[in-house]
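Take a look at the structure set out below.
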Amino acid sequence: MKHYQIGDSIIFKISECEMHIPVVDLYPDSTAVEAGEAHQPVSLSVHSWVVRTPDDIIVIDTGIGNGRDRGNNPLYHQLHTSYLENLRASGIEPEAVTLVLMTHLHTDHVGWNTFWQENRWVPLFPNARYICSEKELSRVKNSERYRNLWLDSLLPVIEAGLLETINVAEQPVFGGRIHYVPTPGHSPDHAALILSSGGKYAFFAGDIAHSPLQFSHPEWNSVFCSDHQQAEKSRRWAMAWCEEHHALWCSAHFPGESCGWLTVDRHGNYALTEAEDDNSDA
């Protein structure tokens, strides 16, 4: 497991699973793709990021979860992954987590909010404050499409008194160093998270981009994005901000190390260089 240091904070990834989707299926508007490449698979990782600070253990997004009824969608339905084992193998017990920060409330970002115990769904992180957008929560609560997600991944946390909602536009700060920033488009109130520590930055991008392909083609939007124009605007802003601030881009779905540094050439073309392990003993 690789660790990355931002000031006095250590970042590492907890993997859940990988999936593969053809380019043309993931990016329906990717007209620039040559015909021979349209059905090449794009590898997507599903994972959480953990930020360990001197005061907190913070989990950012919680993946899909095991044993979920997701309408027979094979990407999410009735999975059995080793996420919880991977979390513990990293040295983190669920009871030690103090904050769970959600970028948005899609199925593959909230599942391990809970787990199945004694014939019911209960919070996986019983001592944590769970944080999400008030607008996102209202959208999911009132949508029949997300009925099962509401029942198995959100309502148990609410009933336990652990969920707090926020106004993303106010850019609230958690753990004294991570603040929300609005990046709508993928979902109506999607947010990124910026970690600031010791004059250094990490940018937790959520679903601003699903693949590094979008750094070369920021005009491409995934099939999962609700507002394409707004999603592209958020993506271009995030890319420019990260390059300017030399922020570590921590993706929600890139394969491999899933994070890296953005550079831009004189033509305005961005590229991602994977980050190297900081060899932390954390």
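Quick caveat, the model's predicted, so the values are computed rather than measured. One is the number of the first residue; the rest follow in order along the sequence.
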Derivation and outcome, side-chain contact (heavy atoms from CB on, under 4.5 Å), residues I14 and V50:
CA-CA 7 Å; I14 305 298; V50 173; 3.7 Å; yes
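- The backbone N or O of I21 sits nowhere less than 3.5 Å from a side-chain atom of D25 that would complete a donor-acceptor pair.
- The two atoms that bring E136 and S187 nearest to each other are OE2-OG, 2.8 Å, heavy atoms only.
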Working for side-chain contact (heavy atoms from CB on, under 4.5 Å), residues F224 and H186
CA-CA 7 Å; F224 306 112; H186 175 70; 3.6 Å; yes
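- Every residue two or more places apart in sequence or in another chain that forms a side chain to side chain donor-acceptor pair (under 3.5 Å) with H20 is listed here: S43.
- The shortest heavy-atom contact between S222 and P28 is C-CD, 4.4 Å.
- Looking at D61 and S48, their side chains never bring a donor and an acceptor atom within 3.5 Å of each other.
- With contacts defined as side-chain heavy-atom distances shorter than 4.5 Å, the pair E16/W112 qualifies.
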Side-chain donor-acceptor pairs of residues 156-168 under 3.5 Å, sequence neighbours excluded:
from	atom 1	to	atom 2	distance (Å)
E164	OE1	R129	NH2	3.0
E164	OE2	R129	NE	2.9
N167	OD1	A169	N	3.0

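- Side-chain atoms of S45 and K13, non-hydrogen and from C-beta on, do get closer than 4.5 Å to each other.
- For residues 126-167, no residue pair satisfies the ring-ring contact (aromatic ring centres under 6.0 Å, His included) rule, not counting sequence neighbours.
- Summarising the geometry of R88 relative to P94, their closest heavy-atom pair is NE-CD, 3.8 Å, with the distance given to 0.1 Å.
- Electrostatic pairing of D56 and R177 does not count as a salt bridge here, judged by no charged N lying under 4.0 Å from a carboxylate O.
- The side-chain heavy atoms of T114 and L124, taken from C-beta on, include no pair separated by under 4.5 Å.
- For T107, the side chain to side chain contact (heavy atoms under 4.5 Å, CB included) test picks out R70, Y76, L149, with sequence neighbours left out.
- Counted by atom type alone, E274 and W261 present zero donor-acceptor pairs between their side chains at under 3.5 Å.
- Atom SG of residue C242 and atom CD of residue E244 lie 10.5 Å apart, to the nearest 0.5 angstrom.
- In terms of heavy-atom proximity, S258 sits nearest to H47 at OG-CE1, 3.4 Å.
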What verdict does the side-chain contact (heavy atoms from CB on, under 4.5 Å) test give for H3 and R52, after you've listed the backbone C-alpha separation in whole Å, the side-chain angles of each residue and the deciding distance to 0.1 Å?
CA-CA 10 Å; H3 295 76; R52 176 183 276 166; over 6 Å; no
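- A single hydrophobic cluster is not seen to contain both V173 and I11; linkage of ILVMFWY side chains at heavy-atom distances under 4.5 Å, directly or through other members, places them apart.
- To the nearest 0.5 Å, atom SG of residue C17 and atom CG of residue L79 are 6.0 Å apart.
- Here H190 and H106 keep their ring centres 6.0 angstrom or further from each other.
- When the shell of 6.0 Å around CD of Q171 is examined, it contains more than 12 heavy atoms from other residues, nucleotides or ligands.
- The line from SG of C250 to CD1 of I60 is 7.5 Å long, rounded to the nearest 0.5 Å.
- In this structure, the side chains of L26 and L44 come closer than 4.5 Å at one or more pairs of heavy atoms.
- Counting all heavy atoms, side chain and backbone alike, L193 lies closest to L101 at CD1-CB, 3.9 Å.
- Considering only heavy atoms from C-beta on, L195 comes within 4.5 Å of V51 through its side chain.
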Evaluate side-chain contact (heavy atoms from CB on, under 4.5 Å) for L154 paired with V140, printing each intermediate quantity in order.
CA-CA 9 Å; L154 294 170; V140 170; 3.9 Å; yes
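- No donor-acceptor pair under 3.5 Å is formed between the side chain of N269 and the backbone N or O of A271.
- For the residue pair N86/S15, the side-chain donor-acceptor check at 3.5 Å is not satisfied.
- Between the side chains of Q214 and Y27, at least one donor N or O lies within less than 3.5 Å of an accepting N or O.
- In terms of heavy-atom proximity, T62 sits nearest to Y83 at CA-OH, 4.3 Å.
- In this structure, N127 contributes its side chain and T98 its backbone to no donor-acceptor pair below 3.5 Å.
- The environment of Q229 atom CD is sparse: at most 12 non-hydrogen atoms of other residues, nucleotides or ligands sit within 6.0 angstrom.
- Summarising the geometry, atom OG belonging to S138 is positioned 10.5 Å from atom CG belonging to L105; distances are rounded to the nearest 0.5 Å.
- Taking the side chain as every heavy atom from C-beta outward, V59 and L99 never approach each other to under 4.5 Å.
- Put simply, the side chain of L213 reaches to within 4.5 Å of the side chain of V42, judged on heavy atoms.
- Interatomic distance, R235 CZ to D207 CG, rounded to the nearest 0.5 Å: 10.0 Å.
- Taking the six-membered ring for Trp and the full ring otherwise, H253 and H109 have centroids separated by under 6.0 Å.
- Counting side-chain heavy-atom gaps under 4.5 Å among Ile, Leu, Val, Met, Phe, Trp and Tyr, the cluster of W121 also holds W116.
- Side-chain contact check for M102 versus I131: every heavy-atom pair is 4.5 Å or farther apart.
- In this structure, the side chain of Q117 does not engage the main chain of N119 through any donor-acceptor pair within 3.5 Å.
- For the atom pair L155 CG and R147 CZ, the distance stands at 8.5 Å (nearest 0.5 Å).
- I194 belongs to a hydrophobic cluster whose other members, connected by ILVMFWY side-chain contacts under 4.5 Å either directly or through intermediates, are V181, Y201, F203, I208, F215, W237, M239, W241, W249, F254, L262, V264, Y270, L272.
- Salt bridge status for D189 with R139: absent, with no side-chain N to carboxylate O gap under 4.0 Å.
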